[in-house]
Every structure is written in structure tokens, then in C-alpha cells.
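Taking it in order: structure first as C-alpha cells, then the write-up.
Worth knowing before you read on, the calculation uses all heavy atoms, side chains too, and leaves out hydrogens, waters and symmetry mates. Just follow the structure's listing: the first ligand is 1, and inside any ligand the first atom is 1.
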Amino acid sequence: MTSVSLFAGAYALADDAGSKAETPFTVEITGHQWWWSGRYLSNSESDRTFTTASEFHIPAGKEVRFQIRSADVMHGFWVPRVTESVDAVPGQVTETTIKVDEPGVYQGQCGVFCGAQHQNMKLSVVVDEPEDFEAWYDDQLKVPEPPEEGTEAAEGMKIFAATCSGCHAVRDTAAGGVYGPNLSHLMTRSTLGSGMLTNDSEGLARWIDNPQQIKPGCRMPDLGLDEQKIDKLVAYMETLD
Ligand code: CUA
């Protein structure tokens, strides 16, 4: 059985049986000051796991199990049209099941006061048609193609390894930091800094230049990079699609 048909298979089986759909995967959501990570875990194939941030896709009309955690203080996983605020408690796991029938983007916000940037701890649940969801899921599992030698993006990858990889991960590279968002498929997300900026070349350059100006107190420091280095980093980021 191919990995793609795993989902189709699981759904078809559940539909045929006319019973509640067997949950084919779990999303582990973790609240951090001040952003959200999400780890997708296939319930039957251990290699279909990946980590993303801030924007969490689910298939329309299917039940999905969410496990809510915290990396630091209390947060609330709150998406008003999808779920009431679910507490993210340090050292605990709070489980909830989410099912949304109507495709669309559902905006959310941290539901528990958690410090300086609580208001800016946004997230979204993106409800896709099941086939779009499967395509998204398969895409997130891919290894990003390394940039061609000699390009600005290749230079950026080297700067990233030296400067950013302690906090950020890119799938199947030496960058394995878990303190900040996983960037393997950064360009599939629409915002930066959990809703602070539009994720495009201008937004990337501004964020990398000085996150403290945009989200004061956030854990990413002003790295004091010059414009040339920022441009190279942006070029590399834009290959992570
Ligand atoms: Cu996290 Cu409020």
C-alpha cells in the first residue's frame, strides 16, 4: 500500500462501515512563548511524521485528534469557530477531537494570558478538501531540495547553518534546532512570527533583520546581520517550499 492511499483507505473503510472515522493521524500542538508548533503523527506509519508551525491543516469532515501541550507557561489553543480554548499546561497533555465540515481558514489566538506577546500568539486551522489535505501532507514530508552551488540561496544555506541552525530545523540537513519553528516548508505558510508579517521576501527580510522591532520580547534575537547576508538568507528561505 502506498502512503497516499493510506488516508484514502482509512477513510473509505470508515465510510463503508458507516461508523465514526478511525482517526488516521494525531496532531501534537505545543504552545511556546509566543508561537505554536504542530507535529503530525501518522497513527500507523512512523515515517509519516513532520513538524510545522502556526498553520495547521486538517481534512474537511474528518475527525482529527489534537494533543495540546506547552513548552513553557500556560497557553490556550483557541480557534473560536472550531474549538473553545483548550488549555496548554506545562507537563500535561490535553486531548481534544476536532471535526470541521466547511473548508476554509479558521483564525485562532492564544486563549490564556501568557506574557508580553500573548495577543500576538496567533494560529490558524486550515480546513482542506480531503484530497488537497493529502497533497499538503505528502508535500510536508518531502525533503527540501538543496539550492544549486554558486547561487545566492546556496550562500544563504551556509549562513543559515552557521547562524540559525541552533534554533531552527530543516528536514534532512544538519540544521536540527527545535527551539524555534521548523522551517522545512516555510514557504507553504502565509505568515511569519505567528501572524505578525506576510510571508514574502519583504516580510522575511524585515523579520530576519530585527524580530525585536516587530515582536518585542520574542525569543529570536536581533542577529545584527548586514543587508547582504539577509538577502542571501531570504533567497535560501524562499527555496523551502
Ligand atoms: Cu500563549 Cu497567551
Do Asp139 and Lys142 meet the salt-bridge criterion of a basic N to acidic O distance under 4.0 Å? yes
Give me the ring orientation class for Tyr40 and Phe133: parallel if the planes are under 30° apart, tilted from 30 to 60°, perpendicular past 60°. tilted
With a 6.0 Å cut-off on the ring centroids, do Phe66 and Phe56 count as close? no
Determine whether more than 12 heavy atoms belonging to other residues, nucleotides or ligands lie under 6.0 Å from atom CH2 of Trp78. no
What protein atoms of element N, O or S are positioned under 2.8 Å from atom 2 (Cu) of ligand 1? Cys110 SG, Val112 O, Cys114 SG, His118 ND1
Is Lys229 salt-bridged to Asp231, going by a charged N under 4.0 Å from an acidic O? no
Should the pair Arg219 and Trp34 be classed as cation-pi, given the thresholds of under 6.0 Å to the six-membered ring centre and 45° from the axis? yes
